[in-house]
Amino acid sequence: MNRDVFITCAVTGSGQSHLKSDKVPRSPKQIAEACIEAAKAGAAIAHVHVRDPETGTPSRDPALYREVVERVRSSDTDVVLNLTAGMGGDIILGDVESPLPLGPGTDMVGATERLVHVEELLPEICTLDCGTMNFAEADYVMTNTPGMLRAMARRIQAAGVRPEIEAFDTGHLWLAKTLVDEGLIDDPVMIQLCMGIPYGAPADPNSLMAMVNNIPAGWTYSMFSIGRMQMPYVAQAALAGGHVRVGLEDNIWLDRGVLASNGDLVDRAGTILTNMGCRIMTPAEVREKLKLTRR
């Protein structure tokens, strides 16, 4: 069991949750305020996507990221910023008889464009989704080839940013180990186990421990699941030796019929952990543990 636990809050994500809850932040101002709210509730790390302020649809606009980062950095609240680099690898196939041409919503760009906001803003952490996966939504494929990941890892490494490897299945761990062995990801290695997302690793204890048992000694790992499994995974994470992620990216509910804010979810996670005898780590302690460069 891990008794010194840090909490990451994924404050908005890139899905359609903004259509289901008015508490999901859309504008840069709202997203920055959500990061600050989560930090005040006990989160050491805020994981950030951005959305079009008018429509709420996911965006890769560096100007939106810049506004979020500047608002958080100029506040009086300390939190480690973790910007996604997962956008730009989306393929939407046509129907089953005519998969080509690709459908609306396809967003495929190169490694350089996927990392424009990271190289400009230099967050302490950015994500690296370590593999390709079928998602539940019809014919959507999250696409991250070994070549693309090598190119992105090199650029992240050169920027002095710590990658958070997102692993959705055991094969993603295999690829992550390969990138580390090739010298493309530096120590200390940080990984996020993404459980229960169709069709990756299921959110059951045996699948979780298969993932955990494939993580090399010395790596720092966090984990989460989605929907109603989010809070059970807070306890699972600590019991399995890891750290915790919650937030509106992964779950919009506090209780049945009660919509959550990011602060609500972090506060409940903190209560679960402290009642288990855990201590919640501060941003400063996380920086020391992960050797992060604060800017």
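For the single chain, residues carry numbers from 1 onward in sequence order. For clarity, every value in this text was computed on a predicted model and none was experimentally measured.
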Original post:
Looking at side-chain heavy atoms only, is the closest gap between His117 and Val69 below 4.5 Å?
Top reply: no

Original post:
So which heavy atom on Ala240 is nearest to which on Val212, and how close?
Top reply: O-CG1, 4.0 Å

Original post:
Distance from Leu265 atom CG to Leu254 atom CG, nearest 0.5 Å?
Top reply: 6.5 Å

Original post:
Do the side chains of Glu70 and Leu121 get nearer than 4.5 Å, heavy atoms only?
Top reply: no

Subject >> Shared hydrophobic cluster, Trp174 / Ile191 (ILVMFWY, side-chain heavy atoms < 4.5 Å) >> reply: no

Subject >> Salt-bridge criterion met for Lys29 and Glu33 (N-O under 4.0 Å) >> reply: yes

**OP:** Look only at the side chain of Gln230 and the backbone of Gly227, and say whether a donor-acceptor pair between them is shorter than 3.5 Å.
**Re:** no

**OP:** Take Trp253 and Leu259 through the test side chain to side chain contact (heavy atoms under 4.5 Å, CB included) and record every step on the way to the result.
**Re:** CA-CA 5 Å; Trp253 301 104; Leu259 291 169; 3.4 Å; yes

Original post:
Do Phe224 and Tyr233 have ring centres separated by under 6.0 Å?
Top reply: no

Original post:
Donor-acceptor pair, His18 side chain versus Val24 backbone, under 3.5 Å?
Top reply: no

Subject >> Side-chain (Asp169) to main-chain (Gly171) donor-acceptor, under 3.5 angstrom >> reply: no

**OP:** Using a strict cut-off of less than 4.0 Å between a Lys/Arg side-chain nitrogen and an Asp/Glu carboxylate oxygen, indicate whether Arg268 and Asp255 qualify as a salt bridge.
**Re:** yes

**OP:** Kindly say whether Thr282 contributes a backbone atom to a donor-acceptor pair with the side chain of Glu285 at under 3.5 angstrom?
**Re:** yes

Subject >> Spacing of CG belonging to Leu149 relative to CG belonging to Leu184, to within rounding of 0.5 Å >> reply: 10.0 Å

Original post:
So, do Pro53 and Pro28 sit near enough that their side-chain heavy atoms are less than 4.5 Å apart?
Top reply: yes

Original post:
Does atom CZ of Arg228 have more than 12 heavy-atom neighbours from other groups under 6.0 Å away?
Top reply: no

**OP:** Please name the residue in the list Arg162, Arg295, Arg287 that meets the side chain to side chain donor-acceptor pair (under 3.5 Å) test with Glu124.
**Re:** Arg287

**OP:** Answer with yes or no whether the side chains of Arg114 and Asn144 bring together a donor and an acceptor at under 3.5 Å.
**Re:** yes

**OP:** Using a strict cut-off of less than 4.0 Å between a Lys/Arg side-chain nitrogen and an Asp/Glu carboxylate oxygen, indicate whether Lys177 and Glu182 qualify as a salt bridge.
**Re:** no

**OP:** Please name the pair of heavy atoms, one in Ile92 and one in Gly105, separated by the smallest distance, quoted to 0.1 Å.
**Re:** CG1-C, 3.7 Å

Original post:
Between the main-chain N or O of Val141 and the side-chain N or O of Thr143, is there a donor-acceptor pair closer than 3.5 Å?
Top reply: yes

Subject >> Inter-residue atom distance Leu273.CG - Ile280.CD1, 0.5 Å rounding >> reply: 4.5 Å

Original post:
Between Ile156 and Cys126, is a side chain to side chain contact (heavy atoms under 4.5 Å, CB included) present by the stated rule, with each step listed?
Top reply: CA-CA 8 Å; Ile156 294 167; Cys126 73; 3.5 Å; yes

Original post:
Applying side-chain hydrogen bond (donor to acceptor under 3.5 Å, both in side chains), which residue pairs with at least one partner in residues 192-202 are found, sequence neighbours left out?
Top reply: Glu164-Gln192, Gln192-Ser222

Subject >> Same apolar cluster (I L V M F W Y, side chains within < 4.5 Å links), Ile252/Val266 >> reply: yes

**OP:** Can you tell me which residue pairs pass the ring pair (Phe, Tyr, Trp, His ring centres under 6.0 Å) test with a partner in residues 263-287, sequence neighbours excluded?
**Re:** none

Original post:
Taking a hydrophobic cluster as the set of Ile, Leu, Val, Met, Phe, Trp and Tyr residues connected by side-chain heavy atoms closer than 4.5 Å, whether directly or through intermediates, do Leu64 and Leu83 fall within one such cluster?
Top reply: yes

**OP:** Could you pull out the closest heavy-atom pair between Ala284 and Asp78, with the gap in Å?
**Re:** N-OD2, 4.4 Å

Subject >> Polar side-chain atom of Gln157 near backbone of Gly183 as donor-acceptor pair, under 3.5 Å >> reply: yes

**OP:** Have a look at Arg51 and tell me which of Asp61, Thr57, Thr12 forms a side chain to side chain donor-acceptor pair (under 3.5 Å) with it.
**Re:** Thr12

Subject >> Same apolar cluster (I L V M F W Y, side chains within < 4.5 Å links), Leu290/Val80 >> reply: yes

Original post:
Just how far is it from atom CE of Met195 to atom CG of Asp250, taken to the nearest 0.5 Å?
Top reply: 13.0 Å

Original post:
Looking at side-chain heavy atoms only, is the closest gap between Lys40 and Thr77 below 4.5 Å?
Top reply: yes

Subject >> Working for side chain to side chain contact (heavy atoms under 4.5 Å, CB included), residues Ile215 and Leu193 >> reply: CA-CA 10 Å; Ile215 296 174; Leu193 303 182; 3.9 Å; yes

Subject >> Pairs meeting criterion side-chain hydrogen bond (donor to acceptor under 3.5 Å, both in side chains) with involvement of residues 97-107, two or more places apart >> reply: Arg60-Asp107

**OP:** Check step by step if side chain to side chain contact (heavy atoms under 4.5 Å, CB included) holds for Ser14 and Met87.
**Re:** CA-CA 9 Å; Ser14 61; Met87 306 291 291; 3.9 Å; yes

Original post:
Quick one: does Asp52's side chain have a donor or acceptor within less than 3.5 Å of a partner on Ser59's backbone?
Top reply: no

**OP:** Could you tell me whether the side chain of Asn214 and the main chain of Ala210 form a donor-acceptor pair under 3.5 Å?
**Re:** yes

**OP:** Return yes if some donor-acceptor pair links the side-chain N/O of Asp264 with the main-chain N/O of Ser261 below 3.5 Å, else return no.
**Re:** yes

**OP:** Indicate the atoms forming the closest heavy-atom contact of Gly94 with Asp139, along with that distance.
**Re:** O-OD2, 3.5 Å

Original post:
Met223 and Leu175: same hydrophobic cluster, using ILVMFWY side-chain contacts below 4.5 Å?
Top reply: yes

Original post:
Are His47 and Val11 side-chain neighbours, meaning at least one heavy-atom pair lies under 4.5 Å?
Top reply: no

Original post:
Nearest heavy-atom pair of Met142 and Gly131: which atoms, and what distance?
Top reply: CE-O, 3.4 Å

Subject >> Rounded distance (nearest 0.5 Å) linking atom OG1 of Thr132 with atom NE2 of His172 >> reply: 6.5 Å

**OP:** Write down the atom of Ser75, the atom of Ile36, and the distance for their closest heavy-atom approach.
**Re:** CB-CD1, 3.6 Å

Subject >> Modelled atom types, side-chain donor and acceptor of Ser207 and Asp204, under 3.5 Å >> reply: yes

Original post:
Do Leu128 and Leu179 come within less than 4.5 Å of each other through their side chains, counting heavy atoms only?
Top reply: yes

Original post:
Roughly how far, to the nearest 0.5 Å, is OH of Tyr65 from NE2 of His49?
Top reply: 6.5 Å

